[in-house]
Amino acid sequence: MNFPILTPREAASMINHDDNVAFSGFTASGSPKVVTEALAERAEEEHAAGRPFKVNLFTGASTSDRADGILARANAINLRTPYQNMPDLRKRINAHDCHYFDLHLSELSQKFRYGFYGDLDVAIIEVADVDDNGNVVLGTGVGNVPTYVNAAKKVILELNAKLPAAFRGMHDIYLPLDPPNRREIPIYKSSDRIGEALVHIDPKKIVGIVHSDDYDGVKSFSALDDTTLRIGHNVCSFLESEILAGRIPKSFLPIQSGVGNVANAVLYGLGESTVIPAFEMYTEVIQDAVLDLMKKGKCKFGSTCALTISNEAEAELFSNIDFFRDKIALRPAEISNNPEVIRRLGVIAMNTAIEADIFGNVNSTHVTGIRMMNGIGGSGDFTRNGYLSIFSCPSITKGGQISNIVPMVSHVDHTEHSVDIIITDQGVADLRGKDPVQRANEIIDKAAHPMFRELLRDYLKLGRPGQTPHRLECALEFHNEFNRSGDMRNVDWARFK
């Protein structure tokens, strides 16, 4: 191999203050692991010497504590996009120690190519294999790697010994042309492969290889509780009823499912259903549950951007790579999340909400409207273009101090126009074909927790005349009361009558 072998510290020394830096991966999957740690050490040393050191960081989605987490603790991130989920970075963002702009995951790659964010100085890319011509086999997450390596002035490769070279063949690397020359993306079923197994990097850009040897470190999901199980049951029952009613083809449709315990509960429920046949996924992440469904023959194929799986599942995948290779296609984010393909395939979109209001608007990102949680991620890509757009959340949190069904969401990520179904542990609210007041009654009756239903009905009665009968001076009273007393159940509408 002709490329220099670098220590993590040597690689980090090639990155300068105020550089635009890109990481491989999508979630923790495929994210850099050792150069980032050395970069954080360097930032701390520069700060101790009284010199500024921050970089502008572009990724595929969230990363891991070994990237976003450690760099945030070192205060080494000036700007961050498009998605994050590390507590230390979240604190920086909400304190304005780090500039963060939220973005639909399908958009960053093309907007970077359009020149909206300036030049890219360095790309740090995890790979399973590389040859002397700069052809690389990526790892468990693709993200925006093809765009970043083309744009970067310098490329640092992290060659991870845990990743088998036999991973080759699982990736499907394809980039669309940019306007005005863009054509249709020729994916007509989830399992279509339209690109290449390798990513081609100009060898002159590769400044060195750093060796690593570790799994992605995705945490195993906690055991499913009663609330999560009820949500999963309600989602599966709804999908079964749609098949039986003829509104979903009996052959079923590809599904997209977000990350987390609710998504895992839904996937396991689909696996146990006798009504829902073996299905394909066109999604952005594949979790542990999907590998189990593939082994059982319930999931026939998964098109994804990342394998967001636990260390145990990752080890199993690598030891059975020949079984899984023809059942998974790892694609760039702008393909895995592409609105054109999602609409064409009729993807059933299933995502989670922080809160939903009685008229069908959804908040996915901000706690009490001000504190960024993680970001919109790919939920908007799928929600706006799905065959069915489903949002789920618990009806209450904090033991009933918070209702996740509110009069008006404190921040809007998905408007009522994009939301078909809201599902909680209480039931299924079907919003299709309903006007605002009908939606409100449906959501209150079917999705809200019983302890909040009367409060929500009373708000509806307070509403001003109009198609959407809000009462603006008290529309956010659930949130105001929580900020005052810590309990939304203490809302008193009498003060507004």
Side-chain angles (χ1 to χ4, degrees), residues 20-31 55-64 67-68 71-72 77-86 89-90 92-94 96 98-120 123 141-148 150-152 175-176 178-179 182 256 258-259 283-285 304-306 308 331-342 349 351-354 362-367 369-386 389 411-415 418:
N20 284 344
V21 179
F23 289 172
S24 60
F26 193 96
T27 68
S29 306
S31 297
V55 298
N56 304 311
L57 182 54
F58 301 84
T59 65
S62 57
T63 61
S64 70
D68 275 337
L71 289 170
I77 305 174
N78 173 59
L79 177 146
R80 181 70 171 83
T81 196
Y83 183 82
Q84 54 75 41
N85 69 350
M86 287 291 110
L89 179 54
R90 186 182 305 134
R92 295 283 186 191
I93 291 167
N94 287 319
H96 298 281
C98 170
H99 305 291
Y100 174 73
F101 65 91
D102 202 10
L103 194 67
H104 299 292
L105 297 185
S106 67
E107 294 187 322
L108 180 57
S109 186
Q110 64 180 24
K111 288 186 174 182
F112 208 102
R113 292 198 303 273
Y114 298 165
F116 292 176
Y117 309 125
D119 295 335
L120 183 59
V142 179
N144 297 319
V145 168
T147 291
Y148 291 155
N150 286 336
L175 285 182
D178 291 331
R182 181 167 295 179
Q256 173 260 340
V259 180
T283 189
E284 55 188 346
V285 292
T304 186
C305 189
T308 306
R331 310 186 195 269
E334 66 180 308
I335 304 301
S336 68
N337 291 42
N338 189 273
E340 174 203 340
V341 179
I342 293 165
N351 290 284
T352 56
I354 290 176
V362 167
N363 171 16
S364 295
T365 59
H366 285 72
V367 176
I370 57 173
R371 295 196 306 277
M372 169 58 71
M373 191 65 179
N374 297 327
I376 196 169
S379 59
D381 297 323
F382 287 92
T383 294
R384 186 67 186 92
N385 300 284
S389 299
H411 177 89
V412 181
D413 292 294
H414 312 280
T415 71
S418 302

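What's counted below: heavy atoms across the whole structure, side chains too, no hydrogens, waters or symmetry copies. It should be emphasised that the depicted structure is a prediction, and the values quoted were computed from it without experimental measurement.
- Checked by atom type, the side-chain pair Ser31/Thr63 shows no donor-acceptor distance below 3.5 Å.
- By the 4.5 Å heavy-atom criterion applied to side chains, Asn374 and Tyr83 are counted as neighbours.
- What you find for Gly60 and Leu105 is that their closest heavy atoms are O-CD2, 3.6 Å.
- In this structure the side chain of Arg182 reaches within 4.5 angstrom of the side chain of Gln110, judged on heavy atoms.
- Cys98 is listed as a side-chain neighbour of Leu89, based on a closest heavy-atom distance under 4.5 Å.
- Shortest non-hydrogen contact noted between Arg80 and Ala61 is NH2-O, 3.1 Å.
- Tyr117 has its ring centre less than 6.0 Å from the ring centre of Phe101.
- The minimum heavy-atom distance between Phe382 and Asn351, with the atom names listed, is CB-ND2, 4.3 Å.
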Before giving the answer on side chain to side chain donor-acceptor pair (under 3.5 Å), spell out for Asn385 and Glu340 the whole-Å C-alpha distance, their side-chain angles and the decisive distance to 0.1 Å. CA-CA 8 Å; Asn385 300 284; Glu340 174 203 340; over 6 Å; no
Are Thr308 and Thr27 close enough, and set up right, to give a side chain to side chain donor-acceptor pair (under 3.5 Å), and what steps lead you there? CA-CA 7 Å; Thr308 306; Thr27 68; 2.9 Å; yes
Are Val55 and Asn20 close enough, and set up right, to give a side-chain contact (heavy atoms from CB on, under 4.5 Å), and what steps lead you there? CA-CA 6 Å; Val55 298; Asn20 284 344; over 6 Å; no
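- In this model, no donor atom of one side chain and acceptor atom of the other lie less than 3.5 Å apart for Arg384 and Ser389.
- Side chain to side chain, Asp381 and Gln256 fail the donor-acceptor criterion of an N or O pair below 3.5 Å.
- A salt bridge does not link Lys111 with Glu334: every distance from a Lys NZ or Arg NE/NH1/NH2 to an Asp or Glu carboxylate oxygen is 4.0 Å or more.
- Side-chain contact of Gln84 with Asp68: a donor-acceptor pair under 3.5 Å is absent, judged by distance alone.
- A pairwise comparison of heavy atoms in Ala333 and Phe26 identifies CB-CE1, 3.8 Å as the closest pair.
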Stepwise, does the side-chain contact (heavy atoms from CB on, under 4.5 Å) test hold for Met372 with His366? CA-CA 5 Å; Met372 169 58 71; His366 285 72; 3.4 Å; yes
Does Leu79 form a side-chain contact (heavy atoms from CB on, under 4.5 Å) with Leu57? I'd like the steps, not just the answer. CA-CA 6 Å; Leu79 177 146; Leu57 182 54; over 6 Å; no
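- For the residue pair His411 and Asn363, the shortest heavy atom distance occurs at O-CB, 2.9 Å.
- Judged purely by distance below 3.5 Å, without hydrogens or angles, the side chains of Asp102 and Tyr100 pair a donor atom with an acceptor atom.
- Looking only at atom types and distance, the side chain of Arg331 has no donor-acceptor partner in the side chain of Asn338 under 3.5 Å away.
- Taking 4.5 Å as the limit, some side-chain heavy atom of Met373 sits within range of a side-chain heavy atom of Ile354.
- Considering only heavy atoms from C-beta on, Asp178 comes within 4.5 Å of Tyr114 through its side chain.
- Contact check for Val145 versus Ser24: side-chain heavy atoms found under the 4.5 Å cut-off.
- Side-chain contact check for Asn56 and Asn78: at least one donor-acceptor pair (N or O, by modelled atom type) lies under 3.5 Å.
- Under the 3.5 Å distance criterion, the side-chain polar atoms of Thr304 are matched with a main-chain donor or acceptor of Glu284.
- A heavy-atom distance below 4.5 Å is not found between the side chains of Pro332 and Ser109.
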I would like to know whether Met86 and Ser62 meet side-chain contact (heavy atoms from CB on, under 4.5 Å); could you show each step before the answer? CA-CA 8 Å; Met86 287 291 110; Ser62 57; over 6 Å; no
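- Shown here for Leu108 and Pro82, the closest heavy-atom pair between the two residues is CD2-CD, 3.6 Å.
- Contact of the Arg113 side chain with the Leu175 side chain is registered, since non-hydrogen atoms from C-beta on lie closer than 4.5 Å.
- Put simply, OG1 on Thr81 and CZ on Phe112 are 10.5 Å apart, with the number rounded to the nearest 0.5 Å.
- Of the possible donor and acceptor atoms, one in the side chain of Thr383 sits under 3.5 Å from a partner among the backbone N and O of Ser379.
- Tyr148 has its ring centre no less than 6.0 Å from the ring centre of Phe58.
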